[in-house]
Student: 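So that we are looking at the same thing, I have put the structure below in structure tokens.
Protein chains get the first letters and strands the later ones, always in sequence-line order, with residue 1 at the start of each. Side-chain atoms are counted along with the backbone in the values below, which use heavy atoms only and exclude waters and symmetry mates.
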Number of protein chains: 2
Amino acid sequence: MNEHDAIIALGALAQESRLQVYRRLMQAGPSGISAGDLAEQVGVSRSSLSFHVAQLERSGLVRARRQHRNVFYSVEIDAMRRLLTFLTQDCCNGNPDICGGLTANAAFCGAIPETEQ
Amino acid sequence: MNEHDAIIALGALAQESRLQVYRRLMQAGPSGISAGDLAEQVGVSRSSLSFHVAQLERSGLVRARRQHRNVFYSVEIDAMRRLLTFLTQDCCNGNPDICGGLTANAAFCGAIPETEQ
DNA sequence: TTCTCATTTCAATGATATTTGAATTATTGA
DNA sequence: TCAATAATTCAAATATCATTGAAATGAGAA
């Protein structure tokens, strides 16, 4: 994961219809949801759904597979894991003494000073 | 964290200058970086930096505090934690038997079927 | 092949975001 | 108070993104 890919992925999620699509796919799990069902559930036109889901697919957060006449979309969970790691890496300059890491849900590096300097 | 707040936060991160600002602040830790230093490090004008960092602050991902003539910015680590939780919640419909959760870095709910249905 | 269904692509339009430089506000030192 | 420094706000210009409806593609059934 690099800065460019992270911006593509974050931008893919930073829009109402796409975030709804992503969360529904996250809940649906590996079996996924068809394009038509997604359009209906999210309440956008089929062409608009295609536009949005294509962006999610380009970002790598979502994959497509054709099943007869339908295209089923499902989440690529490792892509999300890589994004989360990228966003939080080198926290506090990677100093493990003051920062146990965010993804591990450890405490942040002490309180933010209110009146220093 | 709700859908609207998540879109604001994701949108705040989904831009080159803002993502660079955020990652530098994440590395800097609690002491933060002044607006002027951020503008220089990221290579944008002061007015452009103000515009971007204001969006990060509105999203809650970053906080500002004035120190004499400077304004220091630093990350709000709990806001990021809440965002990560929101993005991955209800994975596989919350079924712990097939999905150990993403934030805990557990395995995803089995392989995505290639040719089912 | 021909018809239908599911989906995607395209061009045009409208809506949002970003950058720029000048003007403004806030803080401090002379 | 006046000048200097740091940061923000504003309006205008440019650039990027989202929606629409029509046309095109792809897969399967008649």
Side-chain angles (χ1 to χ4, degrees), chain A residues 3-22 24-25 28 31-59 61-74 114-117, chain B residues 3-22 24-25 28 31-59 61-74 114-117:
Chain A
E3 210 162 76
H4 175 264
D5 294 347
I7 290 167
I8 300 296
L10 290 163
L13 293 169
Q15 202 274 345
E16 194 177 347
S17 303
R18 290 195 296 265
L19 184 56
Q20 284 179 223
V21 165
Y22 186 79
R24 279 171 190 277
L25 292 179
S31 57
I33 305 176
S34 74
D37 285 354
L38 280 171
E40 195 179 354
Q41 289 177 29
V42 171
V44 297
S45 70
R46 276 148 192 264
S47 106
S48 187
L49 187 283
S50 265
F51 168 78
H52 288 305
V53 87
Q55 250 176 278
L56 285 166
E57 198 188 0
R58 258 197 304 283
S59 77
L61 287 166
V62 153
R63 65 149 66 176
R65 83 197 124 90
R66 186 173 268 279
Q67 219 70 72
H68 306 298
R69 283 200 244 200
N70 301 302
V71 175
F72 281 81
Y73 290 94
S74 55
E114 293 292 339
T115 51
E116 72 165 7
Q117 234 182 122
Chain B
E3 210 164 75
H4 175 263
D5 293 346
I7 290 167
I8 301 296
L10 290 164
L13 294 169
Q15 201 274 346
E16 193 176 347
S17 302
R18 291 195 296 268
L19 183 57
Q20 285 179 222
V21 164
Y22 186 79
R24 278 172 190 277
L25 293 178
S31 56
I33 304 176
S34 74
D37 285 353
L38 279 173
E40 196 179 353
Q41 288 177 30
V42 171
V44 296
S45 70
R46 275 150 191 266
S47 107
S48 187
L49 188 280
S50 267
F51 168 78
H52 287 305
V53 88
Q55 250 176 280
L56 284 166
E57 197 186 3
R58 258 197 306 281
S59 77
L61 287 167
V62 152
R63 64 149 63 178
R65 82 197 125 90
R66 186 173 269 278
Q67 219 70 72
H68 308 297
R69 281 199 242 201
N70 302 303
V71 175
F72 280 81
Y73 290 94
S74 55
E114 294 290 339
T115 51
E116 71 165 8
Q117 243 186 113

Student: Got a list of protein N/O to nucleotides 2-5 of chain D N/O distances below 3.5 Å?
Tutor:
| unit_1 | atom_1 | unit_2 | atom_2 | d |
| --- | --- | --- | --- | --- |
| D:dA4 | N3 | B:Arg69 | NH1 | 3.2 |
| D:dT5 | O4' | B:Arg69 | NH1 | 3.2 |
| D:dT5 | O2 | B:Arg69 | NH1 | 3.3 |

Student: Pull out every residue in residues 3-15 of chain A that has a heavy atom closer than 4.0 Å to any atom of DNA chain D, ordered by number, or say none.
Tutor: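 Hits under 4.0 Å, by residue number: A:Gln15.
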Student: Does B:Gln55 have any side-chain hydrogen bond (donor to acceptor under 3.5 Å, both in side chains) partners at least two apart in sequence or in another chain, and if so, which?
Tutor: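 Per chain and number, B:Gln55 pairs via side-chain hydrogen bond (donor to acceptor under 3.5 Å, both in side chains) with B:Arg18.
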Student: The criterion is side-chain hydrogen bond (donor to acceptor under 3.5 Å, both in side chains); which residues satisfy it with A:Gln41, sequence neighbours excluded?
Tutor: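 By the side-chain hydrogen bond (donor to acceptor under 3.5 Å, both in side chains) rule, A:Gln41 matches A:Arg24.
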Student: Contact class for A:Gln55 (heavy atom, under 4.0 Å): base, sugar-phosphate, or nothing?
Tutor: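 Touches sugar-phosphate only.
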Student: With a 4.0 Å cutoff (strictly under), does any side-chain N or O of B:Tyr73 reach OP1 or OP2 of D:dA6?
Tutor: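 No.
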Student: Excluding sequence neighbours, so at least two apart, what forms side chain to side chain contact (heavy atoms under 4.5 Å, CB included) with A:Ala54?
Tutor: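 Side chain to side chain contact (heavy atoms under 4.5 Å, CB included) check on A:Ala54 returns A:Arg58.
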Student: Under the rule for side chain to side chain contact (heavy atoms under 4.5 Å, CB included), what residues qualify as partners of A:Val71, not counting sequence neighbours?
Tutor: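 Scan of A:Val71 (side chain to side chain contact (heavy atoms under 4.5 Å, CB included), adjacent residues dropped) gives A:Ala64, A:Arg66, A:Tyr73.
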Student: Provide, to the nearest angstrom, the distance between the CD atom belonging to B:Glu16 and the P atom belonging to D:dT16.
Tutor: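 Result: 12 Å.
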Student: With a strict under 4.0 Å distance from non-hydrogen atoms of chain B, what nucleotide opens and what nucleotide closes the contacted stretch of DNA chain C, reading 5' to 3'?
Tutor: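 Contact span on the strand: C:dT18 to C:dT28.
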Student: Tell me every residue that passes side chain to side chain contact (heavy atoms under 4.5 Å, CB included) with A:Ala14, counting only those two or more places apart in sequence or in another chain.
Tutor: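 Counting only residues at least two positions away or on another chain, A:Ala14 forms a side chain to side chain contact (heavy atoms under 4.5 Å, CB included) with B:Leu10.
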Student: Among all residues two or more places apart in sequence or in another chain, which pass the side-chain hydrogen bond (donor to acceptor under 3.5 Å, both in side chains) test with B:Gln15?
Tutor: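 B:Gln15 satisfies side-chain hydrogen bond (donor to acceptor under 3.5 Å, both in side chains) with no residue once adjacent residues are dropped.
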Student: So which of residues 33-44 of chain A are in contact with DNA chain D, with a heavy-atom cut-off of under 4.0 Å?
Tutor: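 Correct list: empty, so none.
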Student: Can you check the B:Phe72 CZ to D:dA6 P distance for me, whole Å?
Tutor: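 Going from B:Phe72 (CZ) to D:dA6 (P), I get 11 Å.
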Student: Output one line per pair: protein atom, nucleotide atom from nucleotides 21-23 of chain D, and distance, for all N/O pairs under 3.5 Å.
Tutor:
| unit_1 | atom_1 | unit_2 | atom_2 | d |
| --- | --- | --- | --- | --- |
| D:dG21 | O6 | A:Ser47 | OG | 3.0 |

